Undergrad: 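Input: one structure, supplied below.
The structure presented is a predicted model; accordingly, all values stated were derived computationally and were not measured. All heavy atoms count here, side chains included; hydrogens, waters and symmetry mates do not.
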Amino acid sequence: MTICDSMMENHVLEEERRIVTELLSEAEDHLQEGNLYFVISNRWYTSWQRCGREPLDVTRPGPIDNHDIIDSQSDASDPQLCRMLEEGVNYVLVPEQVWKKLVEWYKGGPAIQRKLICQRFQSESYSVEVYPLCLKLTDSRDESSATIRLSKQASVSQLYEMVCSARSVSKEKARIWDYFEKKKSVLLDPSSERTLEESCLQVDQDILLEVDENASSKYDMSSAGNELALVPVGPTISDATNTMLGEGTFSNGYSLSDSGKREKRGLRGLQNLGNTCFMNSTLQCLAHTPPFVDYFLKDYRDDINEDNPLGKRGELATEVGELLKKLWSSGQNAVAPHSFKTKLASFAPQFSGYNQHDCQEMLSCLLDGLHEDLNKVKQKPYIEFKDSDGLPDDELAEEMWKYHKARNDSVIVDVCQGQYKSTLVCPDCGKISITFDPFMYLTLPLSTSLTRSMTVSVFYGDGSRFSTSYPVTVPKDGSLRDLSNALGASCGLKDDESLLLADVYAHKVFKYLETPLQSLREIRDNDRIVAYRFNKMHRGPGKAKLEILHWEQKQDAESSGKLFGIPLVTYVNTERHSGSDIDAIISGLLSPLHRTHSSSTVHVPEDATVGEKELSFSVFLLDRYSSSLKPLESDFVPNPLSATRLVVKWDEKEHEKYDLGSYFNDLPEVSKATSSVTEEVSLFSCLEAFLAEEPLGPDDMWCCPACNKHRRANKKLNLWKLPEILVVHLKRFTYTILLKSKIDTFVDFPIHDLDLSKYVKNEEGESYLYELYAISNHYGDMGGGHYTAYAKLMDENKWYEFDDSRVSAVDESKIKTSAAYVLFYRRVRSESETPNMDED
């Protein structure tokens, strides 16, 4: 393929991408329930997006191929997606018009069609139902089974119609049961218009079809004529609750069965509904929180705030109460939290569907929702915060707590919320700002994660040497300035020299890292970072950045070429340059790799034109926007505002002159993946790291009222008041735009006698002693991990492991592991101490 052919092909690809971009924008502007979308393999879609992005590399992708995301066991006539695929990683969604265009251009498939649905929770939100509801139907007449697939937004009535049509049964004679765990539990009302999601039907749930040949058109159903879709069989929850509360079971964790035998309570597991282990782990920890159980097993209806627009009018609190009653009722069968999951999703739509989530995020959201549902303050007063200058800390803290309680008064505040002191100091004028803020949990950094090892390759811009790699240690929350300083110390940077950092991807500079305050967290472990070393006189006014890429013809003569090697960067004057000038610059940069001591250039008379010159390299100008190559003009002028990219074409003659063996080696990654971390830190060192004074990040600067400017103030936190239930979140996961990772460091935390008294800075002199009673654990990596919980039955003084449905005893010596993620402590008080978190 010639350069001209490549340019034409690239133009076609750019036009395709323009058309797709316009169609995507149009679809976004016309969202409507029922719109069709198509699922496409991200592997194929990415190859199409990248095609033509590399100079002269315009090899078009083949036909659309979705087989890598299709379950190999599914019927070819009805292809089904593999489970647990992630959008943007395994697949992409495109509207119908985009799919039609791509099929017109590339053919292929198979087509995987999905519909846009509207979820009406607190507000309307649209989403593509990638995984429709899959129900396993059992026909009681012959015990045959079938799979029913339909939208979770379909009604119970529509389910009846689909099942009856598939089984050739009249709707009047059919009865469909929720057949959870192969037991008839709930009869579905054929006249109900409630959605299957609202009716708590979940993925892969069993349903049972019964046919009554003698049935008339009228049903003996208590829900007939109203909107209820579910009719429970057996004793109602309220009956079970009354029985349980009558026995006073939580005080000792036991009840008497009909035979008079003592029966343990609080040991029921939770069914995994599909990636809901994060939810089950959180719920078990809360279900074994003594103040919560005491509260929800009693009558709390008077506390429900039905008028709070921030809550669910008490529905979420009621659902939690009912679930806790089930978990503390007699029996050992696992509880299926279908109804709770549906209600949680209606409050927080991010938890709808069946993706894995962070249990701490779910805990925070759930506690917020419970607080709003149970907030006794019906009308929140407006409070204007006054200037705190000169007010003693204890008076300011008490006043701020009163302000908080005047607007927020619930069992969540009384039990779970504490108060810390936050001090900000302006680095310029010394202005001090003190505030006292409530908190629900402590998020502690793992102290071993405060530094990071990075490897960077340094290239010399003067041709004296080629490149050397240097490992350096920098603050994990540091900036590019920290990296540049550490690198300069390692490579012996002179006072008159400077470094230009760049992120290299696909054999060219992806971006230059020239903002000193840019966070190092934006650099991923598998990135490849290069530092170009220059004398300071080479940079500055009148200089332009020149980026030199390398291209070679593929062995297949009919195919296009490809980029290779590492880009070189130098600075040149912003004046006209001849072809020989550029040739000399390139030769100078590559001189350390020259195989001989002879000059790589041929002498050219001063009055010779570019066409007459015999140069060492064939050099082209790369258009930054179209990615096309243009011949280098005789009076070439570099762009002073951005890097000018030149492409050097290599053939056998150039390869003979230069030893590119080391040059072909890939750049080292910033951080090589290592085996599991064996380091150990204490909970106290994590707490001290959390409380340590540190400057605010560049994206979190404080507006100093004295300077009236945003400053990177120094921030210091102190604990002022601790709650009855202290939740400690170990910050194992790191999320940024580019970086996602987990820290498996073992944290040594006390099980008994966690004494935090010395960290509390108020003058009351109380002791703050805590006892561990529950742990939420996370095993595995971020993408495919699993959550479990350890919880202690207080009166039995024994620990149990809750792994979804499975519940088993565990020795206390085994509960401290590197999987510990969220720790739950309860305050231990002496007889003379009384709770004071709810004081005004």
Undergrad: Looking at Lys380, I'd like to know if its NZ atom is crowded, meaning that more than 12 non-hydrogen atoms belonging to other residues, nucleotides or ligands lie closer than 6.0 Å.
TA: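 Yes, enclosed.
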Undergrad: Donor-acceptor check, side chain of Ser25 to backbone of Thr21, threshold 3.5 angstrom: yes or no?
TA: no
Undergrad: As an exercise, state the distance from CG of Leu93 to CG of Leu116, rounded to the nearest 0.5 Å.
TA: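 Those atoms lie 10.0 Å apart.
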Undergrad: For the CZ atom of Arg268 and the CG atom of Leu323, what is their distance to the nearest 0.5 Å?
TA: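 Spacing of CZ (Arg268) from CG (Leu323) equals 10.0 Å.
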Undergrad: Quick one: does Thr342's side chain have a donor or acceptor within less than 3.5 Å of a partner on His338's backbone?
TA: yes
Undergrad: How would you list, by chain and number, every residue that makes a ring-ring contact (aromatic ring centres under 6.0 Å, His included) with Tyr45, sequence neighbours excluded?
TA: Trp48
Undergrad: Measure the shortest side-chain to side-chain distance between Cys359 and Val822 over non-hydrogen atoms and say whether it is less than 4.5 angstrom.
TA: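 The answer is yes, as the side chains (C-beta and beyond) meet within the 4.5 Å cut-off.
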Undergrad: Quick one: side-chain contact (heavy atoms from CB on, under 4.5 Å) partners of Arg43, sequence neighbours excluded?
TA: Ser41, Asp65, Asp68
Undergrad: Work out which heavy atom in Leu209 is nearest to a heavy atom in Arg141; give both atom names and the distance.
TA: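 Heavy-atom minimum between the residues: CD2-NH2, 4.5 Å.
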Undergrad: Distance only, no hydrogens: is a donor on one side chain within 3.5 Å (strictly under) of an acceptor on the other, for Ser281 and Ser776?
TA: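 The answer is yes; a qualifying pair exists.
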Undergrad: Within a reach of under 6.0 Å around CD of Glu87, are more than 12 heavy atoms found that belong to other residues, nucleotides or ligands?
TA: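 Yes, enclosed.
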Undergrad: Could you label the plane-to-plane angle of the Phe351 and Phe278 rings as parallel, tilted or perpendicular, counting under 30° as parallel and over 60° as perpendicular?
TA: parallel
Undergrad: Within the 3.5 Å criterion, strictly below it, is a donor on Gln271 or Asp804 matched to an acceptor on the partner's side chain?
TA: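 No.
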Undergrad: Does the side chain of Tyr106 pick up a donor-acceptor pair with the side chain of Glu16 at under 3.5 Å?
TA: yes
Undergrad: Would you call Glu306 and Arg313 a salt bridge, using N to O less than 4.0 angstrom?
TA: no
Undergrad: Is it true that Glu210 and Lys184 have a side-chain N and a carboxylate O under 4.0 angstrom from each other?
TA: yes
Undergrad: In terms of side-chain heavy atoms, does Ser339 have a donor or acceptor partner in Glu319 at a distance below 3.5 Å?
TA: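 Side chains of Ser339 and Glu319: pair found under 3.5 Å.
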Undergrad: Keeping Gln113 on the side-chain end and Val39 on the backbone end, is there a donor-acceptor pair under 3.5 Å?
TA: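 Looks like no, no N/O pair under 3.5 Å.
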Undergrad: For Ser157 and Arg194, which I'm curious about, is there any donor-acceptor pair between the side chains at under 3.5 Å?
TA: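 Arg194 and Ser157 do not have a side-chain donor-acceptor pair below 3.5 Å.
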Undergrad: Centre-to-centre under 6.0 Å for His786 and Tyr779, is that the case here?
TA: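 No: the rings miss the under 6.0 Å criterion.
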Undergrad: Just do the side-chain contact (heavy atoms from CB on, under 4.5 Å) check on Leu273 and Phe340 with the steps written out, would you?
TA: CA-CA 11 Å; Leu273 308 179; Phe340 169 80; over 6 Å; no
Undergrad: Checking side-chain polar atoms at under 3.5 Å, does Ser151 have a donor or acceptor matched by the opposite partner on Glu129?
TA: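 Side chains of Ser151 and Glu129: pair found under 3.5 Å.
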Undergrad: Heavy atoms, side chains only, cut-off 4.5 Å: are Asn42 and Val89 in contact?
TA: no
Undergrad: Under a 3.5 Å threshold, yes or no: a donor from one side chain and an acceptor from the other, between Asp358 and Tyr821?
TA: yes
Undergrad: May I have the step-by-step check of salt bridge (charged side-chain N to carboxylate O under 4.0 Å, His left out) for Glu322 and Lys326, ending in yes or no?
TA: CA-CA 6 Å; Glu322 293 300 313; Lys326 291 180 182 179; over 6 Å; no
Undergrad: Going by atom types only, do Gln80 and Asp71 share a side-chain donor-acceptor pair under 3.5 Å?
TA: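 Not at all, the side chains of Gln80 and Asp71 share no donor-acceptor pair under 3.5 Å.
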Undergrad: Does Arg18 CZ have over 12 foreign heavy atoms under 6.0 Å away?
TA: yes
Undergrad: Under 4.5 Å between any side-chain heavy atoms of Pro95 and Leu23, yes or no?
TA: no
Undergrad: I need the full list of salt bridge (Lys or Arg N to Asp or Glu O under 4.0 Å) pairs touching residues 89-100, with sequence neighbours left out, sorted by first then second residue.
TA: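 For residues 89-100, and leaving out neighbouring residues, the salt bridge (Lys or Arg N to Asp or Glu O under 4.0 Å) pairs sorted by first residue read Glu96-Lys100.
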